[in-house]
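Note sheet for the following structure.
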Amino acid sequence: MREVLLADGWQVPRIPLGDWFATAVDWLNNNVGPLFDAIDKIINGAVNGLTTALQWPPSWVMFILFALLAWALRSWKFGVVSLIGFAVADGLRVFDDAMLTLAQVLVAGVIATVIAVPLGILAARSNAASRVIKPVMDFMQTLPAFVYLIPAIFFFSIGVVPGVVATVVFSLPPGVRLTELGIRQVDKEMVEAGESFGAAPRKILTGIQIPLALPSIMAGINQIIMLSLSMVVIAGMVGGPGLGGKVFESVTRLQLGAGFEYGVGVVILAIYLDRITSSFSGRRTRRRTSRRATASV
């Protein structure tokens with residue numbers, strides 16, 4: 001019997017997973033259309049409004065504002081580097097596109113953070129929820145980034161919105177994971193001390209667990225922002241504006257010089273966002289170390 005099966009080229013029956021997925025997408029598009037229209041309007045309005053705010057002042061004003069923010073959150077040296085970096089971007093004539101990309105990254109990052117942090121808290125406080133959320137995050141993290149664009153384009157057509165939606169889905173997992181990790185690593189004695197004083201679970205969460213887990217949570221937000229930037233560039237392949245769209249246009253037209261200049265703009269924006277977001281967790285850690293040293297003295 002085994003020889004017969006091998007001779008006939010026996011295979012596992014085909015699993016029509018793709019057909020099921022296409023059917024589900026069709027059903028959602030036909031039955032939840034008004035919701036997608038509302039999401040489209042909200043995201044378009046947020047990106048357009050933020051883009052207008054970032055592009056309205058003269059470019060040199062934005063250089064100074066970015067440099068002052070870098071100085072306040074990190075150091076005067078990074079403030080000077082930021083000023084030079086954005087001046088270079090303007091000299092390459094990619095500053096306006098960088099602001100459009102920044103608007104998309106900020107909108108996607110805020111939406112992803114609003115979803116990821118509560119999910120991470122839920123997973124940290126409930127083992128049952130964690131057993132459900134972790135496999136979903138594993139699936140989302142390992143699925144190729146381009147796959148997210150397919151249903152997003154189907155629901156929202158070409159443009160800004162599918163790129164932002166796909167970016168939110170792509171950047172969620174690290175925010176959820178690091179939020180859960182940070183809260184689970186909080187010293188149990190601190191939690192037990194709060195419980196012994198009769199603090200409610202919500203008070204323990206907001207007064208003990210979240211403040212102590214903040215460096216890990218901020219590291220997750222940093223990863224959300226960086227993944228959002230990488231995905232926004234990929235979204236340029238489906239009509240997303242900004243630096244991503246310009247890079248893809250340069251590649252398709254074999255414009256080596258222009259592609260390199262827009263790539264430099266992406267690098268400048270990525271370094272700035274990475275240093276700014278990572279400074280929040282670093283400052284928090286330094287404050288805690290300082291308080292502990294003062295208490296020990």
Side-chain angles (χ1 to χ4, degrees), residues 43-112 158-164 166-168 171 221-222 224-280:
I43 293 178
N44 256 320
V47 172
N48 291 336
L50 191 54
T51 301
T52 301
L54 291 171
Q55 293 180 344
W56 177 71
S59 57
W60 62 269
V61 173
M62 297 304 300
F63 301 163
I64 296 175
L65 291 178
F66 287 137
L68 291 175
L69 181 62
W71 187 354
L73 294 179
R74 198 165 183 92
S75 67
W76 67 268
K77 294 180 181 179
F78 184 60
V80 173
V81 171
S82 301
L83 183 65
I84 295 173
F86 284 110
V88 169
D90 192 47
L92 295 174
R93 299 298 183 266
V94 301
F95 184 78
D96 286 341
D97 291 303
M99 293 301 98
L100 180 52
T101 299
L102 178 60
Q104 296 174 70
V105 169
L106 292 178
V107 171
V110 168
I111 296 173
I158 300 295
V160 174
V161 179
V164 172
T167 299
V168 170
S171 61
I221 294 175
N222 171 265
I224 286 175
I225 295 296
M226 299 312 296
L227 288 176
S228 296
L229 180 58
S230 67
M231 190 62 184
V232 164
V233 173
I234 294 174
M237 298 179 62
V238 294
L243 293 173
K246 295 296 185 180
V247 169
F248 180 69
E249 180 182 338
S250 301
V251 170
T252 55
R253 296 183 178 181
L254 297 179
Q255 297 174 337
L256 180 62
F260 180 76
E261 291 176 352
Y262 288 116
V264 169
V266 174
V267 171
I268 292 171
L269 194 57
I271 292 174
Y272 183 80
L273 290 174
D274 178 59
R275 297 298 186 273
I276 290 296
T277 52
S278 63
S279 67
F280 287 102

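As a basis for the values below, the full set of heavy atoms in this structure was taken, side chains included, without hydrogen atoms, waters or symmetry mates.
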Could you report the tightest heavy-atom contact between [X] and [Y], atom names first, then the distance?
X: Ser171; Y: Leu227; result: CB-CB, 3.9 Å
X: Gly265; Y: Val94; result: CA-CG2, 4.1 Å
X: Asp90; Y: Ser59; result: OD2-OG, 3.4 Å
X: Ala70; Y: Ser82; result: CB-OG, 3.5 Å
X: Ser250; Y: Tyr262; result: OG-CD1, 3.9 Å

Non-hydrogen side-chain atoms of [X] and [Y] separated by less than 4.5 Å:
X: Ile276; Y: Phe78; result: yes
X: Leu65; Y: Met62; result: yes
X: Ser228; Y: Gln104; result: no
X: Leu273; Y: Leu102; result: yes
X: Met99; Y: Trp56; result: no
X: Leu100; Y: Gln55; result: yes

Can you tell me how far apart [atom1] ([X]) and [atom2] ([Y]) are? Round to the nearest 0.5 Å.
X: Ile221; Y: Ile224; atom1: CD1; atom2: CD1; result: 6.5 Å
X: Leu229; Y: Leu106; atom1: CG; atom2: CG; result: 10.0 Å
X: Glu261; Y: Asp97; atom1: CD; atom2: CG; result: 11.5 Å
X: Ser278; Y: Ile225; atom1: OG; atom2: CD1; result: 11.5 Å
X: Asn222; Y: Asp274; atom1: CG; atom2: CG; result: 5.0 Å
X: Leu54; Y: Phe95; atom1: CG; atom2: CZ; result: 8.0 Å

Option passing side chain to side chain contact (heavy atoms under 4.5 Å, CB included) with Ile268 (candidates Val264, Val266, Ile271):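 Considering Val264, Val266, Ile271, a side chain to side chain contact (heavy atoms under 4.5 Å, CB included) with Ile268 is found only for Val264.
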Under 3.5 Å donor-acceptor, Tyr272 side chain and Gly85 backbone: no
Backbone of Ala108 reached by a side-chain donor or acceptor of Thr167 within 3.5 Å: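 Checking the backbone N and O of Ala108 against the side chain of Thr167, no donor-acceptor pair under 3.5 Å is found.
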